[in-house]
Amino acid sequence: MRQMRLILIGVLVLTSVAWSADTVVVNGIESKGVQVTGVDDCQLVFNNVGGVSEMAGLLDVESIDLGMEPLFTEAEGLAAQGKTDEAAAKYREALKDTPEDWVRELALLRRYQAIEAGGKVDDAVRLWKEILEENDFSDNAAVLVPTHVALAGDDANTAALEALTELRGDEAVADNDALWASITSLMITLAQIEELDDRQMTLTDELLERMPAGESKTVVFRLAAAASKISNGSSEHVTGALEIITTDIERYTGDQLPTALFLRAQGYEKAAALASGEEDLAAAHTHQLDACIDYMYVLVFFAYDDNAPEAAYRAAVLNEAIGAEGPARRLYGVVAVGSMGLG
């Protein structure tokens, strides 16, 4: 009887160890003592310490420590350090080593994320296409769209652009507005980087045609189109970009608004430069004031946004240009002391 009791205690201890072997970090929150059980539609599935099943999108999952899968956990550590090539290689080792199908699926997805983060956009597009097809072009697969691209002049960008052109023609993509727009937005970025101006603007016009004003779900894609038009720099495209942002201004989310205001300020600055070139000094002055106002909105109301330091500097330059020397000095001071005057 005593021997049986010891065996039962041993089983309970081993079960407890297995249960508490995993750790996940989701949106900055570390959860220890969880049990990762699989992947469902590109989402991590795990039981929390209370035994309740939870799911998290892979973009929100910062790290996964699988106690029983040391190679996978090592790959996660390399990815966290930004060693994307080494991480991708280690994930490959992990998926070959593990006997668990779900670990292989998870390793494939995390390997894709490492490759994508490393800017190997041609490989990333190829793998993302496979992920889309394996998950029936679901929304959770679609949000894994590549966002990192190679440096200008890299053949990976043009290869990715052609692969995306083919993918965009897939019936499953053509019938999905959000997925089609995500692909088109990435194509615009690639065309812009490679200075394929005609193709960039053709794609931009296609995006705007399919993403009409007046719908909250379209504003993020229309904002991407506005950014493309401003980068082009012609009077027609800059004016069009300013109209897009102003039309949508009340529909942006709190996360989108500082980007939209910063982008509109850049558009006003380009409009001012164009007006100066045509010796329309009154219009140039008005556009400078408009740009300064939008930069100041970003600086004052979104001080922790990534664009805030640049907004402070551009506002200083514009204040100086229009003769407002006092505000310009103070803004240059903000820039000099570092991140929004917090030193």
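Any value given below was found using the heavy atoms of this structure, including those in side chains, with hydrogens, waters and symmetry copies removed.
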Legend entry - Test item: side-chain donor near acceptor, Thr98 and Glu69, under 3.5 Å: yes

Inset, instruction - Using only heavy-atom distances, determine whether the side chains of Gln192 and Ser228 contain a donor-acceptor pair under 3.5 Å. - result: no

Legend entry - Non-hydrogen atoms of Val121 and Ala156 that approach each other most closely: CG1-O, 3.5 Å

Inset, instruction - Would you please say whether a donor-acceptor pair under 3.5 Å links the side chains of Asp22 and Gln35? - result: no

Inset, instruction - Report yes or no: do Tyr295 and Glu310 form a side-chain donor-acceptor pair below 3.5 Å? - result: no

Inset, instruction - Can you measure from NZ (Lys129) to CZ (Arg126) and round to the nearest 0.5 angstrom? - result: 11.0 Å

Inset, instruction - Look up atom CG in Leu109 and atom SG in Cys42, then write down how far apart they are to the nearest 0.5 Å. - result: 5.0 Å

Legend entry - Check: Asp170 side chain, Ala172 main-chain N or O, donor-acceptor pair, under 3.5 Å: yes

Inset, instruction - Working to the nearest 0.5 Å, report the span between CE of Met296 and CG of Leu331. - result: 5.0 Å

Legend entry - Exercise: identify the closest heavy-atom pair between Tyr268 and Asp294: CE1-OD2, 3.6 Å

Inset, instruction - Consider only side-chain N and O atoms of Arg199 and Thr204, and report whether a donor and an acceptor are under 3.5 Å apart. - result: no

Legend entry - Minimal non-hydrogen separation, Ala275 against His287, with atom names: CB-CD2, 4.5 Å

Legend entry - Glu194 side-chain N/O to Thr158 backbone N/O, donor-acceptor pair under 3.5 Å: no

Inset, instruction - Answer with yes or no whether the side chains of Ser234 and Asn232 bring together a donor and an acceptor at under 3.5 Å. - result: yes

Legend entry - Shortest non-hydrogen separation from Gly267 to Val238 and the atoms involved: O-CG1, 3.4 Å

Inset, instruction - Could you tell me whether the side chains of Glu30 and Thr23 share a donor-acceptor contact shorter than 3.5 Å? - result: no

Inset, instruction - Could you pull out the closest heavy-atom pair between Val335 and Pro309, with the gap in Å? - result: CG2-O, 4.5 Å

Legend entry - Given Leu318, Asn319, Ile322, the one that forms side-chain contact (heavy atoms from CB on, under 4.5 Å) with Leu289: Ile322

Legend entry - Check: Ser235/Glu278 side-chain N/O donor and acceptor closer than 3.5 Å: no

Inset, instruction - Assess the side chains of Tyr91 and Glu76: does a donor N or O sit below 3.5 Å from an acceptor N or O? - result: yes

Inset, instruction - For residues Lys90 and Asp85, determine if any side-chain heavy atom of one lies less than 4.5 Å from a side-chain heavy atom of the other. - result: no

Inset, instruction - First locate atom CG of Asp97, then atom CZ of Phe72, and finally report the distance between them rounded to the nearest 0.5 Å. - result: 13.0 Å

